Amino acid sequence: MRRQASLPLTLLVLISFVYSYLPADASERVKEEILQKIIERATENEKEMDNFGYDVNMKVRWLKKDGDIKKTEIREYQTTWTDDVPRLELQRINSKPLDYNQQKEQQQKKKEWQKAIHNGERPANSHRIPFTWSEIMQKYDFTFDPNDHSAAYVLDFHHKNIDLPARNRMEKVLNTLDGKIWVDEEFRIIKLKGILNEGVSFGLGIAKVTNLDFEFIQQPYNDLVFPVSLKMNFNVKAMLVYSDQREITSTFTNYHMNPAYSHT
């Protein structure tokens, strides 16, 4: 895979300075070109990541209404492959191997996952998102942040106030997100923050995500970017009595190539 040359910092600053003086129509074209490069690089990175795996340590905290901790659980996942498609598989809970019932549950989930893969679907625990990056980026309006110089390109995004496809729960949430994206000089996404702009209802309005925010960080690894951490907070309410408030912190380690390829 051909590597794009990095731009010197002084040149990036100069481009940013010149960009601020471009006519509106020209600056809009520049923004669209940059967004297209970001989409292309993210799509390429995602495909290449099918050849790599990692371990995930996920800390889940259930919170009471006053914010006190009600329960904490540590889940450890490892990447496995089926027909060269990577999947995160639960290995341990609170440092203990899965018991019989937990193993049985995971075996059932694996069967359902394999069936979905054979049907051409992308389940949630695959490395890839179930939408194209072009589909995702078309949901938002982007503007450059002229005051943030912590990355080559820093853009704010706001969901479009139009009817957008909502094929599943994840997409319904994506349709209402606002946030910020940090991109390096090679158009790789290195940081992404988002917050739910308004509540999202599911199941004919029985359940509703009332709050959600997240921060996702990646780092360069050879010519790719690999995930480093994902922090998420959300609150789900159902009917009048049920409320589920959680904090989830995931860290990614032990990057490695698919064993089927590493010895060839």
Side-chain angles (χ1 to χ4, degrees), residues 28 31-32 34-36 38-39 42-43 46 58-71 73 121-126 128-148 150-151 153-183 189-218 227-250:
E28 187 66 21
K31 183 181 70 175
E32 291 303 318
I34 291 174
L35 287 172
Q36 185 58 39
I38 294 172
I39 290 172
T43 302
E46 191 176 338
M58 180 185 294
K59 182 178 182 180
V60 184
R61 301 201 305 175
W62 286 263
L63 305 178
K64 300 177 182 179
K65 291 183 179 180
D66 59 5
D68 289 343
I69 300 173
K70 180 166 54 176
K71 174 185 174 182
E73 186 173 274
E121 302 172 5
R122 280 282 175 176
N125 52 352
S126 293
R128 283 202 208 178
I129 50 179
F131 316 105
T132 68
W133 276 98
S134 181
E135 288 175 329
I136 292 176
M137 301 290 264
Q138 288 173 8
K139 296 179 181 294
Y140 309 104
D141 292 317
F142 291 86
T143 56
F144 284 99
D145 185 342
N147 301 314
D148 192 334
S150 59
Y153 308 100
V154 182
L155 301 97
D156 295 305
F157 63 88
H158 182 80
H159 69 282
K160 294 180 178 179
N161 293 316
I162 59 175
D163 289 334
L164 295 167
R167 290 161 285 189
N168 53 41
R169 294 181 180 182
M170 180 187 293
E171 194 165 25
K172 289 189 71 173
V173 171
L174 288 173
N175 290 347
T176 60
L177 286 178
D178 296 337
K180 180 173 287 192
I181 184 172
W182 288 259
V183 179
I189 299 172
I190 55 176
K191 186 176 178 180
L192 180 63
K193 295 182 72 172
I195 186 170
L196 198 65
N197 184 271
E198 57 190 62
V200 178
S201 297
F202 304 110
L204 301 177
I206 294 177
K208 184 176 184 178
V209 180
T210 57
N211 297 288
L212 183 148
D213 63 83
F214 69 89
E215 178 184 82
F216 180 51
I217 296 176
Q218 300 191 114
V228 175
S229 65
L230 172 62
K231 299 178 181 179
M232 179 179 294
N233 304 294
F234 66 86
N235 189 11
V236 177
K237 293 184 178 181
M239 306 298 286
L240 299 176
V241 295
Y242 177 80
S243 178
D244 184 4
Q245 185 174 348
R246 300 188 202 182
E247 293 180 352
I248 302 176
T249 303
S250 300

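Everything numeric in this text was worked out from a predicted model, so none of it was measured. Positions are given from 1, in the same order as the sequence printed here.
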Can you see which heavy atom on Phe216 is nearest to which on Ser229, and at what distance?
-> CD1-O, 3.3 Å

Please list, one pair per line, the donor and acceptor atoms closer than 3.5 Å that link side chains of residues 175-182 to other protein atoms, with sequence neighbours excluded.
unit_1, atom_1, unit_2, atom_2, d
Asn175, OD1, Lys139, NZ, 2.8
Asn175, ND2, Pro165, O, 2.8
Asn175, ND2, Glu171, O, 3.3
Thr176, OG1, Val173, O, 3.2
Asp178, OD1, His158, ND1, 3.0
Asp178, OD1, His159, N, 3.0
Asp178, OD1, His159, ND1, 2.9
Asp178, OD2, His158, ND1, 2.9
Asp178, OD2, Asn197, ND2, 2.6
Lys180, NZ, Asp145, OD2, 2.7
Trp182, NE1, Asp148, OD2, 3.3
Trp182, NE1, Ser150, OG, 3.1

For Asp68, side chain to side chain contact (heavy atoms under 4.5 Å, CB included) partners two or more places apart | Lys64, Asp66

Does any non-hydrogen side-chain atom of Met58 lie less than 4.5 Å from one of Ile248?
-> yes

Rounded to the nearest 0.5 Å, the CG atom of Leu35 sits from the OH atom of Tyr153 at a distance of 11.0 Å

Within the distance-only criterion (no hydrogens, no angle test), does the side chain of Lys237 pair as donor or acceptor with the backbone N or O of Asp244 below 3.5 angstrom?
-> no

Apply side chain to side chain contact (heavy atoms under 4.5 Å, CB included) to Asn233 and list each qualifying residue two or more places apart in sequence or on a separate chain.
-> Asp213, Glu247

Check whether any side-chain heavy atom of Val209 lies under 4.5 Å from a side-chain heavy atom of Leu196, and answer yes or no.
-> yes

Say whether, by atom type as modelled, one donor and one acceptor occur between the side chain of Gln218 and the main chain of Ile189 under 3.5 angstrom.
-> yes

Kindly check if the number of other-residue, nucleotide or ligand heavy atoms within 6.0 Å of NZ (Lys160) is above 12?
-> yes

Which residues satisfy the side chain to side chain contact (heavy atoms under 4.5 Å, CB included) test with Gln36, sequence neighbours excluded?
-> Ile39, Glu40

Qualifying residues under salt bridge (Lys or Arg N to Asp or Glu O under 4.0 Å), relative to Glu198, sequence neighbours excluded | none

Looking only at heavy atoms, which two atoms of Ser201 and Lys172 are closest? And how far apart?
-> O-NZ, 2.6 Å

Is the shortest heavy-atom distance from the side chain of Lys231 to the side chain of Phe214 under 4.5 Å?
-> no

Is it true that the side chains of Glu46 and Trp133 contain a donor and an acceptor less than 3.5 Å apart?
-> yes

With rounding to the nearest 0.5 Å, note down the distance linking CD1 in Ile195 to CG in Asn211.
-> 8.0 Å

Heavy-atom side-chain contact between Lys71 and Arg61 under 4.5 Å | no

Arg167 CZ to Leu174 CG distance, which is reported to the nearest 0.5 Å | 10.0 Å

Calculate, to the nearest 0.5 Å, the distance between atoms CH2 and CZ belonging to Trp62 and Arg246 respectively.
-> 5.5 Å

For Phe142 against Met137, the heavy-atom pair lying closest together = CE1-O, 3.5 Å

side-chain contact (heavy atoms from CB on, under 4.5 Å) evaluation trace for Asn235 with Ser243 | CA-CA 7 Å; Asn235 189 11; Ser243 178; 3.3 Å; yes

Could you check if a side-chain atom of Leu155 sits within less than 4.5 angstrom of a side-chain atom of Thr143, using non-hydrogen atoms only?
-> no

Between Gly199 and Lys208, the two heavy atoms sitting closest are CA-CE, 3.6 Å

Partner residues of Phe234 under the ring pair (Phe, Tyr, Trp, His ring centres under 6.0 Å) criterion, sequence neighbours left out = none

